[in-house]
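What you see below is based on every heavy atom in this structure, not just the backbone, and it leaves out hydrogens, waters and symmetry mates. Residue numbering restarts at 1 for every chain, and letters A, B, ... go by the order of the sequence lines.
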Protein chains: 2
Amino acid sequence: MTAPPPIPARRGATVHSLSRLAGVSVSTVSRALKDDPRIAPATRRRIADLAREAGYMPNVLARSLSGGQSGLIGLVNGPMQNPFYAELLAEAVNQAAERGQRLLILHAGTGPIEDRTSEALLHYRVDGCLVASAELSSRAAAICAERGVPLVMVNRVARLHASAVSCDNEAGGRDVAKFLLAGGHRRPALVLGTVGVSTSDGRERAFIARLAEAGLRLALRLHGHSTYEGGHAAGTAIAALPAGERPDAVFVLNDIMAMGLLDAVREAGLRVPEDLSVVGFDDVPAAARRCYGLTTLAQPLGTMVRRGLDLLAARIADPALPDESVTLRGQLVVRHSARLPDPARAG
Amino acid sequence: MTAPPPIPARRGATVHSLSRLAGVSVSTVSRALKDDPRIAPATRRRIADLAREAGYMPNVLARSLSGGQSGLIGLVNGPMQNPFYAELLAEAVNQAAERGQRLLILHAGTGPIEDRTSEALLHYRVDGCLVASAELSSRAAAICAERGVPLVMVNRVARLHASAVSCDNEAGGRDVAKFLLAGGHRRPALVLGTVGVSTSDGRERAFIARLAEAGLRLALRLHGHSTYEGGHAAGTAIAALPAGERPDAVFVLNDIMAMGLLDAVREAGLRVPEDLSVVGFDDVPAAARRCYGLTTLAQPLGTMVRRGLDLLAARIADPALPDESVTLRGQLVVRHSARLPDPARAG
DNA sequence: TTGAAAGCGTTACCAA
DNA sequence: TTGGTAACGCTTTCAA
């Protein structure tokens with residue numbers, strides 16, 4: 001009868017077990033593992049080999065406990081039914097991974113954030129947090145500031161205790177107005193999303209201001225939820241207007257609503273852009289599909305995320321850095337949901 | 001000259017600082033904070049108050065170091081351009097939050113998973129991991145098994161060292177075949193997504209088997225990337241076929257491709273469903289939009305995620321539990337992208 | 001009902 | 001170039 005085989009170490013290798021195997025101290029192991037130049041190359045290699053064989057996996061939780069960073073970036077995201085947020089998430093995940101950081105999703109949805117959620121941000125000691133949706137409560141933001149957890153708003157205007165990166169909403173609103181005016185539209189309407197979204201203000205203000213310069217006023221101003229359904233409802237309402245009162249162009253403040261609106265007005269029998277021009281904002285991938293062909297103001301999402309992570313990284317390295325806002329210029333992508341400028345007139 | 005005000009504790013309250021404030025030991029604080037019945041109610045309340053005032057935030061990293069769980073669930077997700085994965089993510093985030101767990105996103109994209117990514121799973125000591133996309137390398141899976149990290153495949157068939165929850169792909173394929181046959185289609189085609197996706201096999205096999213029972217064979221079998229563009233390319237190819245060789249129905253194995261295919265065949269001038277019936281799989285939200293009106297086999301995504309988290313929770317509690325596969329029945333959602341069964345014939 | 005102390009895995013400072 | 005040791009914040013066992 002043979003002795004039973006030794007039970008393999010269930011809990012994996014640690015710097016401790018490696019130090020015993022290598023016959024060196026834990027500090028040497030720790031240093032060797034992070035390629036500290038002070039460790040003799042031979043020792044370093046030996047430990048690296050041992051670590052590989054043993055299937056050593058550093059415990060980042062322990063590492064961050066010991067003064068370091070967690071490598072965790074929090075993300076407070078908007079509703080994933082909106083492809084803009086889906087894309088934002090994808091960008092953030094991939095770009096963070098390139099920097100050796102991981103995304104902890106704190107929220108992905110509409111509506112206010114539960115207290116439990118905003119606290120998780122602190123519980124998990126994220127190194128920083130990207131906020132792309134419904135405002136974090138000011139209390140949560142204040143706690144983050146107090147604790148030195150940098151916050152960066154993405155596609156949201158700056159707030160107290162947070163940096164921000166967003167599209168130049170004023171320029172965007174103005175560009176859309178200019179484009180619509182050049183197209184000869186005389187009865188422009190505006191469709192806004194969920195109230196209280198900070199980016200809407202700039203877009204609306206600049207849009208209206210530019211119209212005013214041309215002596216025009218808004219023919220209609222509607223509010224809806226920032227969803228496909230919200231846009232659909234707005235479109236149905238517009239299509240139901242008597243022809244004389246109907247706007248000849250609509251600026252919809254985000255693409256997901258613009259798509260809903262487009263479907264609704266077409267269902268109602270209106271032709272786009274002959275009867276109604278539609279312009280969106282965001283340039284989500286689906287906007288390019290033939291069944292939408294949406295003219296829209298593209299946000300430079302990849303760059304926004306990159307700059308957001310940059311701001312975060314800088315503040316993680318030096319928490320004393322002041323809040324900073326960066327504004328990126330978007331670009332009008334012309335497709336066929338809006339009447340094109342008359343060459344004769346524009347010429 | 002006044003003494004400078006004391007610098008506030010920069011690093012937040014800890015069980016230690018609270019114990020000093022309350023004049024009790026750290027163990028008492030620790031216990032009081034988790035409502036241990038052994039602590040006198042008065043003490044408990046006093047400590048709770050102190051904790052609130054001090055803005056105490058437990059450090060879950062430290063907690064999990066000390067033998068507990070991290071509360072972190074890993075997610076290896078597919079490309080977010082596919083609304084199916086966006087929805088899956090949203091479900092997972094919200095349902096995990098209800099269970100007091102947070103999602104660590106390890107991957108969100110197409111293509112193989114980098115080693116760094118799959119290792120992060122171990123580095124962060126996730127309690128378990130949901131895998132919804134491209135296979136984790138077998139090596140990673142083996143390590144997880146060895147380390148006792150439960151894995152649950154979602155919308156993927158079971159693999160070694162992992163539980164799984166998926167839609168009944170066989171039943172789904174059969175249901176679609178039955179529906180198409182009842183609609184009088186005689187030249188059915190199949191469009192598959194990215195090769196090697198484990199769920200495709202069952203759908204295809206059952207679809208073909210049911211056709212065979214009716215004496216029919218596949219008129220065409222195409223492969224593409226599981227993207228809108230992949231579907232679009234397939235649609236273009238089908239529309240380019242001479243009318244005599246063209247299939248009269250296509251079963252597209254996922255909705256994102258079905259939408260691309262739908263747009264492509266319509267662009268090419270075909271009428272759906274008069275010239276071609278299209279049936280998808282998944283039932284993503286956009287499938288219901290008027291411009292698609294896609295008949296598709298709906299996956300019970302909410303339930304799939306729920307059962308997935310259940311499987312995980314059970315294995316976190318008892319790592320000795322054997323792997324388990326759960327199969328959920330999907331449901332055909334009939335819209336107007338496919339010719340309806342002839343009532344007389346279906347009689 | 002409460003306290004003391006060990007331990008979780010790492011890092012970093014101070015010696016050697 | 002390497003080792004010892006004290007944190008980091010929390011939980012838990014064992015005593016009292």
Between side-chain atoms of residues 70-78 of chain A and protein atoms elsewhere (two or more places apart, or another chain), which donor-acceptor pairs fall under 3.5 Å?
{"unit_1": "Ser70(A)", "atom_1": "OG", "unit_2": "Leu72(A)", "atom_2": "N", "d": "3.1"}
{"unit_1": "Ser70(A)", "atom_1": "OG", "unit_2": "Arg125(A)", "atom_2": "O", "d": "2.8"}
{"unit_1": "Ser70(A)", "atom_1": "OG", "unit_2": "Asp127(A)", "atom_2": "OD1", "d": "3.2"}
{"unit_1": "Asn77(A)", "atom_1": "ND2", "unit_2": "Tyr85(A)", "atom_2": "O", "d": "3.2"}

Given atom [atom1] of [X] and atom [atom2] of [N], what is their separation to the nearest angstrom?
X         : N       : atom1 : atom2 : value
Arg20(B)  : dG9(D)  : CZ    : C1'   : 13 Å
Leu61(A)  : dC8(D)  : CG    : C1'   : 13 Å
Gln69(B)  : dC8(C)  : CD    : C1'   : 14 Å
Leu65(B)  : dA7(D)  : CG    : C1'   : 13 Å
His123(A) : dG9(D)  : NE2   : P     : 16 Å
Leu18(A)  : dG3(D)  : CG    : P     : 14 Å
Leu33(A)  : dT10(C) : CG    : P     : 8 Å
His16(A)  : dA6(D)  : NE2   : P     : 13 Å

Proximal nucleotide (of dT2(C), dC10(D), dT10(C)) relative to the Asn59(A) side chain: dT10(C)

Derivation and outcome, side-chain contact (heavy atoms from CB on, under 4.5 Å), residues Leu18(A) and Leu33(A): CA-CA 10 Å; Leu18(A) 290 180; Leu33(A) 257 17; 4.2 Å; yes

Sugar-phosphate, base or nothing in reach of Ser64(A), heavy atoms under 4.0 Å: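 Contact class for Ser64(A): none.
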
Touch class at under 4.0 angstrom, heavy-atom based, for Val60(A) against every strand present: nothing

Minimum side-chain heavy-atom gap Leu106(A)-Cys129(A) below 4.5 Å: yes

Separation of Arg38(A) CZ from Arg31(A) CZ (nearest 0.5 Å):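 Reported value, rounded in 0.5 Å steps: 4.5 Å.
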
Under 3.5 Å: donor-acceptor pair, side chain of Ser30(B), backbone of Val26(B): no

Determine all donor-acceptor pairs shorter than 3.5 Å in which one atom belongs to a side chain in residues 89-97 of chain A; sequence neighbours excluded.
{"unit_1": "Glu91(A)", "atom_1": "OE1", "unit_2": "Gln95(A)", "atom_2": "NE2", "d": "2.8"}
{"unit_1": "Asn94(A)", "atom_1": "ND2", "unit_2": "Ala90(A)", "atom_2": "O", "d": "3.1"}
{"unit_1": "Gln95(A)", "atom_1": "OE1", "unit_2": "Arg306(A)", "atom_2": "N", "d": "3.2"}
{"unit_1": "Gln95(A)", "atom_1": "NE2", "unit_2": "Gly302(A)", "atom_2": "O", "d": "3.1"}

Heavy-atom protein contacts under 4.0 Å, nucleotides 11-16 of chain D, coded B base, S sugar-phosphate only, - none: BBB---

Could you pull out all donor-acceptor pairs under 3.5 Å where a side-chain atom in residues 318-326 of chain A meets a protein atom, sequence neighbours excluded?
{"unit_1": "Asp318(A)", "atom_1": "OD1", "unit_2": "Ala320(A)", "atom_2": "N", "d": "2.9"}
{"unit_1": "Asp323(A)", "atom_1": "OD2", "unit_2": "Ala162(A)", "atom_2": "N", "d": "3.2"}
{"unit_1": "Glu324(A)", "atom_1": "OE1", "unit_2": "Arg315(A)", "atom_2": "NH2", "d": "3.1"}

Salt-bridge criterion met for Arg307(A) and Asp310(A) (N-O under 4.0 Å):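 Yes, charged N to carboxylate O under 4.0 Å.
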
Contacts of Arg44(B) that satisfy salt bridge (charged side-chain N to carboxylate O under 4.0 Å, His left out) - sequence neighbours left out: none

Under-4.0 Å side-chain N/O to phosphate OP1/OP2 contact, Thr28(A) with dG3(D):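 Yes, within the criterion.
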
dT2(C) phosphate, OP1 or OP2, under 4.0 Å from Thr43(B) side-chain N/O: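 For Thr43(B), the contact criterion (side-chain N or O under 4.0 Å from OP1 or OP2 of dT2(C)) is met.
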
Difference in axis direction between the ends of the helix from dT1(C)-dA16(D) to dA16(C)-dT1(D), five pairs, 10°: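 Between the first-five-pair axis and the last-five-pair axis there is 40°.
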
